[in-house]
Amino acid sequence: MKETYNPQEIERKRQKIWNENRVYEVKEDPDRRRCYVLEMFPYPSGRIHMGHVRNYSIGDVLSRYKRALGLNVLHPIGWDAFGLPAENAAIEHGVHPAKWTYENIAQMREQLLRLGFSYDWKREFATCDPNYYKWEQMVFTRMFDLGLAYKRSSIVNWCPSCETVLANEQVVVSGAQFAPEGNKEIGRCWRCNSQVEQREMEGWFFKITSYAEELLDWCERLKDSWPDRVLTMQKHWIGKSTGAEIEFPLEEPIDGERSLRIFTTRPDTVFGVTFMCIAPEHPLSESIVIGRDREKEVIEFIKRARKQSGVERIAEGVKKEGVFTGAYCLNPFSGERIPIYIANFVLMEYGTGVIMSVPAHDQRDFEFAKEYGLPVRVVIQPDGGNLSPEGMKSAYEDEGIMVNSGYFSGLNSEVGKKNVTDYAEAKGFGRSQVNYKLRDWGISRQRYWGAPIPIIYCDRCGTLAVPDEDLPVELPIDVELTGEGGSPLSKIDSFLNTRCHKCGGDAKRETDTMDTFVESSWYFLRYTSPDYQGGMVDKERGEYWLPVDQYIGGIEHAILHLLYARFYTKVLRDLGMCDLDEPFLNLLTQGMVLKDGAKMSKSLGNTVDPDDMIAKYGADTVRIFMLFASPVERDLDWSNEGIEGAYRFLNRVWRFINERLHIIQDFKGVKPDIAQISGSAKELLIKVHKTIKKVTDDLERFQFNTGIAAIMELLNAVSRFQPNGKDEIPVVREAIEAMVRLLYPFAPHISEEIWETLGYKETLIDKAWVKWDRGLVGSASIIIVLQVNGKVRSQVLMDPDTSEEEMKNAAFSDEKVKSHISGKEIKKVIVVPKKLVNIVV
RNA sequence: GCCCGGGUGGCGGAAUUGGUAGACGCAUUGGACUUAAAAUCCAAUGGGCUGUAAAGUCCGUGCCGGUUCGAGUCCGGCCCCGGGCACCA
């Protein structure tokens, strides 16, 4: 053993041994319990960043620990390889996205290897490989057959200058937050600052809404194994609301429509309706005014409202605007004549695109009514309250007693909801209805670097799915990317023009590619059988490994990726391709890595490069620091002093063992004789076993920071200890061996190196996890706290099984306690075994 | 506005079920080693008060109140910070 700790040398050495012996490659073994540990795979941007290091360090600790417990651990890695940055690189630097991507992968693979993560590299793949996306295309065709994938036009954010669709998060909302140079306004393109428009475009959708109820239902069942906040976020995102659909007959039919259909969660307020509002995008909004006096004014308003971007429409402080159409409908309950407005705050995508407005009991309607001088009618009175339209400064949205509601007056509003709905149903102009905020998943991208959507358009046969034997529809490699003029694939004739497999005539291919979230919705399945040629996943192998036991990733994917993957898994289940209800049994979301309180980013110039840190301190130190500095779920603030501390710790471990080596060398396999040792040696031995228990418990509950702290304490304890005679040397040896084995999942290189130095040929990788001695842990004397009136006055050392009576006696005979209770009346004595005695005077 | 987190020394954080608040680490200060420095090792380190000292004593986990023999932990009300959602009828 060298005197100084040289992480570069030993880490290279250990990594070489691991890789050459392929120690992390695993096979199905029906005789062993399996465990699938997975971290969210990276986008190959070029460099591993600290967020990855944290994520993968957590996963590595877990998989090493689980393997030590005897489980057959699957721990794979791969690449989320499609995406826009590759295309941008192509546009800016003329390098082909495939070349750029694979070069990045090569570089990042080296970084991961250098960090010593225990991946089964044999299972590695990149999602841009046709062998991968082929299966996703096949599933698309199945979904198409079932109507789960469909094409429709929808309203999207369009940047006229970039000639592309923008995701909602790419539309700049309010100045500083997203804009690198500040100074950006509402509703502008994040890249070129052009005014974003609303445009109607054709695109493909996955019918995730069909699974809304099941996705929601499983949120309940995942309650104990997923973080609450992720589940609540998903629940809110799905946004279930129960209410009623009611038809309001139109005074005169419009476009053949005899009524306006609305959705409301408050049918109990139906007698308070004083106007109706239609979304500007609603098909009836134009036809309703044609030929009326107000036609010009209304059409003008509709045009203006439709132009506003989605983001702008909902931005804070935007005024509620609307216009009267001149048309009326009738309240089916009261027969009352109700004016119809078109209003910018009504969304076409939710409910029916039409609302009944009850200004007394809905804040938005209230604001609109005030703006346009519309009447407010109270139909719900709070318990003992006396609301009047004149006195109201805002809408009353809570429960109460129904008033001015004809036959229903006097009912509690909660009861009223049901009764009103039942009445409407009986009369045939309404029914109870459930609505979700969740929208179908738009998967079309007008990009090159993605999986082509396997659809052809034939003039004679219509829209057809590409048959299995023609899959994959490969991305053409020969392409020129300019970033202008829409979808790149539509400009490649050899791709675009094809033959219809049905009639043999000319046909055109779909030129949209799929959202990259589709690839990440099933990659965890593919790891179980990456070479399988018969489908997405080999059933037998999949059944052995799946589902993922522990999924680990950043909280930023709480909704999108995790919801999509859950949905897609259910679709695959229903297609008979796998046997899973949910893909991820347990979820751990790690916090972000910050520097100086802000997220690390190039634009802020506060990044720390993992490579620099590895070069300076080695991988073990980087890992220890990341895991020690903060609990995994919380954000971690990078600290240069902190990583120095981690480095010092590993140095102390190394140096200490090196110093003691000559003493303990000849005691390999010699167990301490518990009967023979006492005093500080016994104390140390107890500490060793308590530490084993503590670290094991901490690993089980993902408290890696306190687990490492416990190992540090053990090092401190054994460093202080001076063995007295030969009988006590095995205690030192046991302490050192335990320490190294506990350290192994966190810092595997140094641990393996020391383990070998201690005279072991076997590696720690398959060494069974250390066990603690129950007797030693349980028999240790315990400090019993002595309190008077709840204040600590003294403490005594006692056996854990001391009787309550003895504890009491000890308390009363304690000098310090005596001085606090002398001359006072004893009111009560509380004895908590193994903890304390409290005397109340 | 609504929904989640969170608020503990100079800092990151610990306290697993209501039972010694501040483990472990960082930083700082003092000492040892050294010609010197670095590294390393040892010691001190929440605040106030009493005391030469040993020690004692009071206060202290965002604020106010409550339950309890006992509250960082439970309950009620508020303040601040971070995140998510946000005209979803």
Side-chain angles (χ1 to χ4, degrees), chain A residues 4 227-237 239-241 243 262-266 269 277 279 313-316 318-320 343-347 349-358 361-365 367-368 435-439 555-556 558-559 591-592 594 597 624-625 628-631 633-646 648-649 651-652 655 694 697-698 700-701 703 705-716 719-720 783-795 816 819 827-832 834-841:
Chain A
T4 51
D228 272 350
R229 56 174 172 162
V230 174
L231 293 175
T232 17
M233 272 193 228
Q234 292 209 354
K235 275 189 244 168
H236 284 264
W237 189 261
K240 180 179 182 172
S241 45
I262 61 97
F263 171 73
T264 180
T265 54
R266 293 298 301 270
T269 65
C277 290
R313 274 264 288 279
I314 60 172
E316 213 172 341
V318 167
K319 221 170 66 178
K320 290 186 179 39
N344 68 344
F345 70 93
V346 181
L347 306 172
E349 308 92 77
Y350 186 78
T352 60
V354 186
I355 62 166
M356 66 176 208
S357 285
V358 186
H361 305 295
D362 182 288
Q363 186 56 26
R364 296 154 301 185
D365 297 344
E367 284 167 33
F368 191 85
N435 252 309
Y436 301 91
K437 283 196 224 176
L438 184 71
R439 310 281 150 79
I555 184 73
E556 63 273 19
I559 294 175
M592 290 188 300
L594 312 175
I624 288 277
F625 169 69
F628 176 68
S630 175
E633 298 234 20
R634 257 193 264 171
D635 288 350
L636 180 156
D637 212 337
W638 182 267
S639 149
N640 292 329
E641 293 76 30
I643 194 166
E644 289 277 353
R648 243 185 328 250
F649 165 60
N651 267 292
R652 285 180 59 209
R655 218 173 323 112
K694 165 84 177 150
D697 288 350
D698 283 348
E700 289 291 340
R701 56 188 189 128
Q703 287 250 1
N705 56 333
T706 51
I708 293 170
I711 301 172
M712 289 172 169
E713 276 189 67
L714 180 58
L715 173 64
N716 292 343
S719 301
R720 271 193 300 269
I783 296 166
I784 301 297
V785 171
L786 305 179
Q787 298 181 330
V788 178
N789 283 349
K791 286 186 177 163
V792 182
R793 294 302 176 189
S794 182
Q795 36 186 264
K816 284 176 198 153
S819 73
K827 284 192 177 158
K828 203 172 176 184
V829 180
I830 292 132
V831 182
V832 183
K834 297 181 194 186
K835 287 264 156 75
L836 54 76
V837 180
N838 186 14
I839 301 167
V840 185
V841 293

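Since this is a predicted model, take the numbers as computed values, not measurements. When reading the values below, keep in mind they use all heavy atoms of this one structure, side chains included, and skip hydrogens, waters and symmetry mates.
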Asker: Distance between the C1' atoms of G22(B) and A44(B), in whole angstroms?
Answerer: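 It works out to 16 Å between them.
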Asker: Considering only G19(B), U16(B), U20(B), which nucleotide approaches the side chain of K694(A) most closely?
Answerer: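 Shortest atom-to-atom distance from the side chain points to U16(B).
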Asker: Think K320(A) has a side-chain N or O under 4.0 angstrom from the OP1 or OP2 of C87(B)?
Answerer: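 Looking at the OP1 and OP2 atoms of C87(B), neither is under 4.0 Å from any side-chain N or O of K320(A).
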Asker: In whole angstrom, what separates R652(A)'s CZ from C24(B)'s P?
Answerer: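 After rounding, the gap between these two atoms is 11 Å.
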Asker: Round to a whole Å and report the spacing from CD of Q787(A) to C1' of G19(B).
Answerer: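 To the nearest whole Å, that distance equals 6 Å.
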Asker: For D637(A), answer base if it contacts any base atom (sugar-phosphate contacts may also be present), sugar-phosphate if it contacts only those atoms, and nothing otherwise; contact means non-hydrogen atoms under 4.0 Å.
Answerer: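 Nothing: the residue D637(A), judged by heavy atoms under 4.0 Å, touches no strand.
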Asker: Answer with base, sugar-phosphate or nothing: what part of the nucleic acid does K437(A) contact at a heavy-atom distance below 4.0 Å?
Answerer: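 It contacts base atoms.
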Asker: Give the rounded distance in Å between these two atoms: CZ of R634(A) and C1' of C4(B).
Answerer: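 Distance, rounded to whole Å: 15 Å.
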Asker: Over how many whole Å does the gap from Q703(A) atom CD to U16(B) atom P extend?
Answerer: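 In whole Å, U16(B) P lies 9 Å from Q703(A) CD.
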Asker: Considering all heavy atoms of both residues, which atom of T352(A) and which atom of I262(A) are nearest to each other, and what is their separation?
Answerer: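 T352(A) and I262(A) have their closest heavy atoms at OG1-CA, 3.4 Å.
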Asker: Measure the shortest side-chain to side-chain distance between D365(A) and I355(A) over non-hydrogen atoms and say whether it is less than 4.5 angstrom.
Answerer: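 Yes, at least one pair of side-chain atoms sits under 4.5 Å.
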Asker: Classify E713(A) by what it touches in the nucleic acid, base, sugar-phosphate, or nothing, heavy-atom distance under 4.0 Å.
Answerer: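 If one applies the 4.0 Å heavy-atom cut-off, E713(A) turns out to touch the sugar-phosphate alone, with no base involved.
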Asker: Using the closest heavy atom to pick a nucleotide of RNA chain B for each, name whichever of N716(A) or D228(A) lands nearer the 5' end.
Answerer: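 In this pair, the answer is D228(A).
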Asker: If you compare all heavy atoms of N435(A) against all heavy atoms of G351(A), which two are closest, and at what distance to 0.1 Å?
Answerer: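 For N435(A) and G351(A), the tightest heavy-atom pair comes out as ND2-CA, 3.8 Å.
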Asker: Regarding T264(A), tell me which of base, sugar-phosphate or nothing describes its non-hydrogen contacts under 4.0 Å with the strands shown.
Answerer: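 Touches sugar-phosphate only.
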Asker: When the C1' atoms of G18(B) and A71(B) are compared, how many Å lie between them, rounded to an integer?
Answerer: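 Rounded to whole Å, the distance is 7 Å.
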Asker: Under 4.0 Å between a side-chain N/O of R720(A) and OP1 or OP2 of A43(B), yes or no?
Answerer: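 The answer is no; no side-chain N or O of R720(A) sits under 4.0 Å from OP1 or OP2.
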Asker: Let's test this: given Watson-Crick or G-U wobble pairing with both distances under 3.5 Å, identify the partner of U40(B).
Answerer: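 Answer to the pairing question: A32(B), which forms a Watson-Crick or G-U pair with U40(B).
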Asker: Rounded off to whole Å, could you give me the CD-to-C1' distance for the Q363(A) and A86(B) pair?
Answerer: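 Spelled out: CD on Q363(A) to C1' on A86(B) is 14 Å.
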Asker: Kindly say if N640(A) contacts the phosphate of C26(B), meaning a side-chain N or O under 4.0 Å from OP1 or OP2.
Answerer: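 It does not, given that no N or O in the side chain of N640(A) lies less than 4.0 Å from OP1 or OP2 of C26(B).
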Asker: A89(B), OP1 or OP2 - any side-chain N/O from S241(A) closer than 4.0 Å?
Answerer: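 The answer is yes; a side-chain N or O of S241(A) sits under 4.0 Å from OP1 or OP2.
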Asker: Nearest heavy-atom pair of R229(A) and E633(A): which atoms, and what distance?
Answerer: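 Heavy atoms only, the tightest pair is NH2-O, 3.7 Å.
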Asker: T706(A) side chain: which of A14(B), C4(B), G56(B) is closest?
Answerer: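 Selected nucleotide: A14(B).
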Asker: Which nucleotide, in any strand shown, forms a Watson-Crick or G-U wobble pair with A55(B), with both distances under 3.5 Å?
Answerer: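 The base-pairing partner of A55(B), which may sit in any strand shown, is U50(B).
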Asker: On RNA chain B, does the nearest nucleotide to F628(A) precede the nearest nucleotide to G239(A) from the 5' side, or the other way round? Give the residue.
Answerer: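 It is F628(A), whose closest nucleotide lies nearer the 5' terminus.
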Asker: Give one of base, sugar-phosphate or nothing for I783(A), where a contact means two heavy atoms less than 4.0 Å apart.
Answerer: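 Base, at least one base atom sits under 4.0 Å.
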Asker: Determine: side-chain N/O of R793(A) to OP1/OP2 of G56(B), distance under 4.0 Å, yes or no.
Answerer: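 No, outside the criterion.
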Asker: Using atom P of each nucleotide, how far apart are C26(B) and U40(B) to the nearest Å?
Answerer: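 These two P atoms come out 10 Å apart once rounded.
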Asker: Mind checking the C1' distance from G25(B) to A14(B)? Whole angstroms is fine.
Answerer: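 Their C1' atoms lie roughly 11 Å apart.
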Asker: If we take the P atom in both G83(B) and C74(B), what is their distance in whole Å?
Answerer: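 It works out to 25 Å between them.
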Asker: Looking only at non-hydrogen atoms, find the nearest pair between D635(A) and S630(A) and report the distance.
Answerer: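 Minimum heavy-atom contact is O-OG, 3.1 Å.
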Asker: In whole Å, what is the span from the CD atom of E644(A) to the P atom of A27(B)?
Answerer: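 Result: 8 Å.
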Asker: When the P atoms of A23(B) and G47(B) are compared, how many Å lie between them, rounded to an integer?
Answerer: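 My reading of the P atoms in G47(B) and A23(B) gives 13 Å.
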Asker: Give V792(A) one of three labels, base, sugar-phosphate or nothing, depending on what nucleic acid heavy atoms sit under 4.0 Å from its own.
Answerer: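 Sugar-phosphate: the residue V792(A), judged by heavy atoms under 4.0 Å, touches backbone atoms but no base.
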Asker: If every non-hydrogen atom of V346(A) is compared with every non-hydrogen atom of V354(A), which pair is closest and at what distance?
Answerer: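 V346(A) and V354(A) have their closest heavy atoms at CG1-N, 4.4 Å.
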Asker: Need one value for G645(A): base, sugar-phosphate or nothing, where a base atom within 4.0 Å counts as base even if backbone is also close, heavy atoms only.
Answerer: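 Counting heavy atoms under 4.0 Å across all strands, the contact made by G645(A) is with sugar-phosphate only.
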Asker: Is G6(B) in the syn or the anti form, by the rule that syn lies within 90° of 0?
Answerer: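 Chi for G6(B) falls in the anti range.
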Asker: Between C85(B) and K235(A), is there an OP1 or OP2 to side-chain N/O distance shorter than 4.0 Å?
Answerer: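 For C85(B), OP1/OP2 do not have a side-chain N/O of K235(A) under 4.0 Å.
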Asker: Output the rounded distance in Å from CD (E556(A)) to P (G83(B)).
Answerer: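 Going from E556(A) (CD) to G83(B) (P), I get 13 Å.
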Asker: Which distance, rounded to the nearest 0.5 Å, do you find between the CE of M712(A) and the OG1 of T706(A)?
Answerer: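 Here the rounded value is 11.5 Å.
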Asker: When you measure from the side-chain N and O atoms of N705(A) to the phosphate of A14(B), is any distance below 4.0 Å, counting only OP1 and OP2?
Answerer: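 For A14(B), OP1 or OP2 has a side-chain N or O of N705(A) closer than 4.0 Å.
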Asker: Determine the contact category for R648(A): base if any of its heavy atoms lies under 4.0 Å from a base atom, sugar-phosphate if only primed atoms, P, OP1 or OP2 are that close, otherwise nothing.
Answerer: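 Sugar-phosphate contact only.
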Asker: Quick check: closest heavy atoms across F368(A) and A343(A), and the distance to 0.1 Å?
Answerer: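 Here F368(A) and A343(A) meet closest at CE1-CB, 3.8 Å.
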Asker: Can you tell me the Watson-Crick or wobble partner of G82(B), both distances under 3.5 angstrom?
Answerer: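 G82(B) is paired, partner C4(B).
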Asker: Output the rounded distance in Å from NZ (K240(A)) to P (C3(B)).
Answerer: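 The distance from NZ of K240(A) to P of C3(B) comes to 20 Å, rounded to the nearest Å.
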Asker: Counting side-chain heavy atoms from CB outward, which of C4(B), A23(B), C3(B) is closest to A709(A)?
Answerer: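 Within the option list, the nearest is A23(B).
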Asker: According to a strict under-4.0 Å criterion, is K791(A) in side-chain N/O contact with OP1 or OP2 of A21(B)?
Answerer: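 The answer is no; no side-chain N or O of K791(A) sits under 4.0 Å from OP1 or OP2.
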